[in-house]
Each structure stands twice: as C-alpha cells, then as structure tokens.
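Remarks on the structure that follows.
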Amino acid sequence: MKDKSDKPAKGTFIQAMKAVSWAFFGVRKHTDHDHDAATLTMGQVIIAGIVGAALFVVGVLLLVKFVTS
C-alpha cells in the first residue's frame with residue numbers, strides 16, 4: 001500500500017518541453033495535463049516556455065528569410 005505523502009517523481013526537461021509544445025499547439029489530454037501538473041515544477045515550465053518561444057521565433061525568422069531570398 002502506498003503512502004499518500006509520496007510525491008511523484010520530478011519531471012524531466014524533455015517532459016517539460018513536450019508539455020509546452022502541446023500548450024503551444026493548443027491540444028492536451030486531461031490526464032496528461034494532470035500528470036504534468038503533479039510532476040513539473042514552475043521553473044521547469046517557465047524555462048521550457050522561454051526555450052520554446054525562442055525556437056519558434058528563430059524558426060519563423062529563418063522561414064521568412066528562406067522565402068524572401
């Protein structure tokens with residue numbers, strides 16, 4: 001029998017990036033969201049969000065440069 005005071009294992013950076021990617025896309029299963037909320041820390045989500053936004057901006061800039069050249 002598990003003790004209720006056991007916390008789930010801390011999430012990984014890859015898991016945080018997946019959660020942020022799904023958030024950018026706008027689609028997320030409720031069960032996956034609950035799991036991420038239980039395992040990810042606010043710091044992991046913030047850093048993953050900043051990295052994801054930076055990658056998105058760089059991707060858009062490269063796409064625009066490629067199309068206009």
> Which heavy atom in T41 sits nearest to a heavy atom in K10, and how many Å separate them?
Replying inline: CG2-CE, 4.0 Å
> Is there a chain of hydrophobic side chains (I, L, V, M, F, W, Y, each step under 4.5 Å between heavy atoms) that links L40 to I50?
Replying inline: no
>> So, taking the atom named CH2 in W22 and the one named NE2 in H33, what distance separates them when rounded to the nearest 0.5 Å?
In response: 15.0 Å
> If Ile, Leu, Val, Met, Phe, Trp and Tyr residues are connected whenever their side-chain heavy atoms lie under 4.5 Å apart, and connections chain through other members, are F56 and V64 in the same group?
Replying inline: yes
>> Within the supplied structure, the quantity of interest is the number of heavy atoms (other residues, nucleotides, ligands) at a distance under 6.0 Å from F24 CZ; does it exceed 12?
In response: yes
> Going from CE on M17 to OG1 on T12, what distance comes out if it is rounded to the nearest 0.5 angstrom?
Replying inline: 11.0 Å
> Hey, what do you get for CG (L62) to CG (L55), rounding to the nearest 0.5 Å?
Replying inline: 10.5 Å
>> Test side chain to side chain contact (heavy atoms under 4.5 Å, CB included) on Q15 and H35; report intermediate values, then the result.
In response: CA-CA 10 Å; Q15 183 181 0; H35 181 263; 3.2 Å; yes
